[in-house]
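By convention in this document, chain letters (A, B, ...) are assigned in the order of the sequence lines, proteins followed by strands, and residues within each chain are numbered from 1.
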Amino acid sequence: MFTKPDPALAERIYIAVLQVRVGAVATYGEIAAVVGGGIEAREVGYALGDLPATRQTAVPWQRVVARDGAISTRGTSQRVLLEGEGVAFDETGRVIMARHAWRGPDSDWAIAHGFHTLSDKGERGEQLLLL
DNA sequence: CAGATGACTCCCA
DNA sequence: CTGGGAGCCATCT
């Protein structure tokens, strides 16, 4: 499924995004994995696209980027916001993921709120260890 | 009612 | 490294 998620699911997605700390960036797929429920990266993208303007300052949507660190949103403000948080970009305009990759939500928090951790699914676990 | 259209990712040329 | 197509579906012209 990769359509506009229902309100309840979108809410979980926003909550997951809130776990990404300043200076780190998560991918759409990682957020989808943390939220669980079999959702895919695109649903995360749609949910963020639906984020009301009134909540854009409360939800750090700018910390969610494409798998390769590229920013595919329409506006160019995302990069500016990230740079303001100390996130570095390479010559091709992509976030240096090796340096800013999100490590996933706090394990205790995830368990307490019914979310998954990135290591749960074994996604990118090996790469993260290289940090 | 048919066709276009996505804040994605993977795979192959 | 860049480019295009598939996957898969609710919504909006």
Side-chain angles (χ1 to χ4, degrees):
Chain A
M1 216 160 104
F2 65 99
T3 61
K4 179 153 67 171
D6 59 74
L9 186 54
E11 205 54 46
R12 275 177 68 74
I13 291 173
Y14 299 152
I15 292 173
V17 173
L18 281 168
Q19 307 312 307
V20 185
R21 69 168 185 282
V22 174
V25 296
T27 67
Y28 293 96
E30 287 170 342
I31 294 298
V34 168
V35 171
I39 68 171
E40 294 177 14
R42 268 178 291 190
E43 291 194 73
V44 174
Y46 285 119
L48 292 182
D50 272 359
L51 187 65
T54 55
R55 305 186 61 187
Q56 291 190 8
T57 53
V59 179
W61 59 270
Q62 72 274 20
R63 296 178 199 147
V64 184
V65 302
R67 195 87 173 154
D68 62 357
I71 290 175
S72 57
T73 53
R74 308 166 218 164
T76 55
S77 60
Q78 186 168 16
R79 174 169 180 164
V80 177
L81 288 171
L82 288 176
E83 292 182 318
E85 299 182 340
V87 174
F89 288 74
D90 62 22
E91 320 70 42
T92 65
R94 300 185 309 187
V95 173
I96 300 176
M97 295 304 277
R99 195 167 132 196
H100 301 285
W102 187 41
R103 296 199 167 204
D106 175 75
S107 180
D108 294 324
W109 175 89
I111 294 173
H113 295 79
F115 283 76
H116 295 283
T117 57
L118 292 185
S119 54
D120 267 346
K121 313 210 93 185
E123 293 185 21
R124 329 210 74 197
E126 295 177 42
Q127 286 193 28
L128 292 174
L129 290 177
L130 296 178
L131 297 176

query: A:Pro5 pairs by side-chain contact (heavy atoms from CB on, under 4.5 Å) with which of A:Val35, A:Ile13, A:Ile39, A:Val44?
result: A:Ile13
- line: So side chain to side chain donor-acceptor pair (under 3.5 Å) across residues 5-24 of chain A, not counting sequence neighbours, yields A:Glu11-A:Arg55
message: Rounded to whole Å, please give me the gap between CG in A:Leu81 and C1' in B:dA7.
response: 14 Å
message: Distance check needed: B:dA7 C1' versus A:Ile39 CD1, whole Å only.
response: 13 Å
message: Could you tell me how far apart A:Asp50 (CG) and C:dT11 (C1') are, to the nearest whole angstrom?
response: 11 Å
- prompt: Could you give the CG-to-P distance, from A:Asp6 to C:dT11, as a whole number of Å?
  reply: 10 Å
message: Working to the nearest 0.5 angstrom, can you tell me the gap between A:Thr117 OG1 and A:Asp106 CG?
response: 10.0 Å
Close N or O pairs between protein and nucleotides 9-13 of chain B (under 3.5 Å):
residue: B:dT9; atom: OP1; partner: A:Tyr28; partner atom: N; Å: 3.4
residue: B:dT9; atom: OP1; partner: A:Gly29; partner atom: N; Å: 3.1
residue: B:dT9; atom: OP2; partner: A:Arg67; partner atom: N; Å: 2.8

task: Can you measure from CD (A:Gln78) to CH2 (A:Trp61) and round to the nearest 0.5 angstrom?
output: 5.0 Å
task: Could you walk me through whether A:Asp90 and A:Val95 pass the side-chain contact (heavy atoms from CB on, under 4.5 Å) test, one step at a time?
output: CA-CA 6 Å; A:Asp90 62 22; A:Val95 173; over 6 Å; no
- request: Find the distance A:Gln78:CD to B:dA7:C1' and express it as a whole number of Å.
  value: 8 Å
Residues A:Arg67, A:Glu30: salt bridge by 4.0 Å N-O rule: no
B:dA4 to C:dG5 separation - P atoms, rounded to the nearest Å: 14 Å
field: Separation of C:dT11 C1' from A:Glu43 CD (nearest whole Å)
entry: 14 Å
query: B:dA7 C1' sits how many Å from A:Ile13 CD1, rounded?
result: 11 Å
message: Could you tell me how far apart A:Glu40 (CD) and C:dC9 (P) are, to the nearest whole angstrom?
response: 9 Å
